[in-house]
Amino acid sequence: MKKLILIISVLFVSSGNVIAKDYIFEGYGSSELSTIEISDNFKFSSYTSEGMWDDSNGDYGNEKCSGYLKQQNKKVELELFCETVNQNNEKFWNSRIRKSDKGGGIGKMTIINGTGKYKKFIGLECPYGVNYKKQYAWFRAKCKIQE
């Protein structure tokens, strides 16, 4: 029993030593949709966007995204893949998935590949929020990075 208490205590104390840092990614851009209206309540669109971004590490650059948007009634399903390039030509690629009501909403960004400093971010999953006004979008993801 003493060994069990000692093991649990060591695990509890050592797990408190893990430090998480916030990484914040913000993007701004414009998008285009090519839409097929299947019925009054069902639309399917190909989605492309281009824009600019900056992050909490002081990096900035441009990005382009491509994917699909499916609308049924007032529900939206979106899946995008984005290529993001910083000021030093380092890149990362991410997927963005969202299921929400029409307009802005929340989803999950996953970094699926990277070069340079972004290699360490591969596999990172980050909740995000997006808001739209006409074809313009404001995007913000907040990631927890273990150090």
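Source: prediction; values computed, not measured. Values reported hereafter were calculated over all heavy atoms of this structure, with side chains retained and with hydrogens, waters and symmetry mates removed.
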- Checking side-chain contact (heavy atoms from CB on, under 4.5 Å) for the pair Asn57/Lys21: CA distance, chi angles, key distance, verdict? CA-CA 11 Å; Asn57 291 338; Lys21 177 184 172 190; 3.5 Å; yes
- For Arg98, salt bridge (Lys or Arg N to Asp or Glu O under 4.0 Å) partners two or more places apart: none
- Message: List the residues meeting salt bridge (Lys or Arg N to Asp or Glu O under 4.0 Å) with Lys108, not counting sequence neighbours, and say none if there are none.
- Response: Glu125
Contact check, side chains of [X] and [Y], non-hydrogen atoms, under 4.5 Å:
{"X": "Tyr68", "Y": "Ser46", "value": "no"}
{"X": "Ile111", "Y": "Tyr118", "value": "no"}
{"X": "Trp93", "Y": "Thr115", "value": "yes"}
{"X": "Glu79", "Y": "Tyr47", "value": "no"}
{"X": "Phe92", "Y": "Lys117", "value": "no"}
{"X": "Val130", "Y": "Met109", "value": "no"}

- Note on the structure: Apart from Tyr28 itself, members of its ILVMFWY cluster (side-chain separation under 4.5 Å) are Tyr136, Trp138
Distance, nearest 0.5 Å, that separates [atom1] of [X] from [atom2] of [Y]:
{"X": "Lys70", "Y": "Glu77", "atom1": "NZ", "atom2": "CD", "result": "4.5 Å"}
{"X": "Lys91", "Y": "Asn94", "atom1": "NZ", "atom2": "CG", "result": "13.5 Å"}
{"X": "Lys75", "Y": "Lys99", "atom1": "NZ", "atom2": "NZ", "result": "12.0 Å"}
{"X": "Lys64", "Y": "Glu50", "atom1": "NZ", "atom2": "CD", "result": "7.5 Å"}
{"X": "Leu78", "Y": "Gln71", "atom1": "CG", "atom2": "CD", "result": "10.5 Å"}

Taking all non-hydrogen atoms of both residues, which atom of [X] and which atom of [Y] are closest, and how far apart?
{"X": "Glu90", "Y": "Gly116", "value": "OE2-CA, 3.4 Å"}
{"X": "Ser45", "Y": "Leu33", "value": "CB-CD2, 3.9 Å"}
{"X": "Asp22", "Y": "Lys142", "value": "OD2-CE, 3.0 Å"}
{"X": "Cys143", "Y": "Leu124", "value": "CB-CD2, 3.8 Å"}

- Message: Whether Arg140 and Glu26 form a salt bridge (side-chain N of Lys/Arg under 4.0 Å from carboxylate O of Asp/Glu) is what I want to check.
- Response: yes
- For the residue pair Phe25 and Phe121, is the inter-centroid distance of their aromatic rings smaller than 6.0 Å?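 Centroid distance Phe25-Phe121: not below 6.0 Å, so no.
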- If only atom types and distance count, is the side chain of Asn86 paired as donor or acceptor with the main-chain N or O of Asn88 below 3.5 Å? yes
- Are the side chain of Trp53 and the backbone N or O of Tyr60 linked by a donor-acceptor pair below 3.5 Å?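 No.
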- Item | Verdict with supporting geometry, Asp55 and Tyr23, side-chain hydrogen bond (donor to acceptor under 3.5 Å, both in side chains) | CA-CA 7 Å; Asp55 69 16; Tyr23 172 70; 2.7 Å; yes
- Message: Do Ser31 and Ser49 pair up side chain to side chain, a donor and an acceptor below 3.5 Å, judged on atom types alone?
- Response: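 Side-chain D/A pair, Ser31 to Ser49: absent.
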- Query: Between the side chains of Asn41 and Gln72, does any donor sit under 3.5 Å from an acceptor?
  - Reply: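 Absent: no donor and acceptor within the cut-off.
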- Query: Would Tyr132 end up clustered with Leu69 when hydrophobic side chains under 4.5 Å apart are linked, directly or stepwise?
  - Reply: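 As far as the 4.5 Å side-chain criterion goes, Leu69 and Tyr132 are connected within one cluster.
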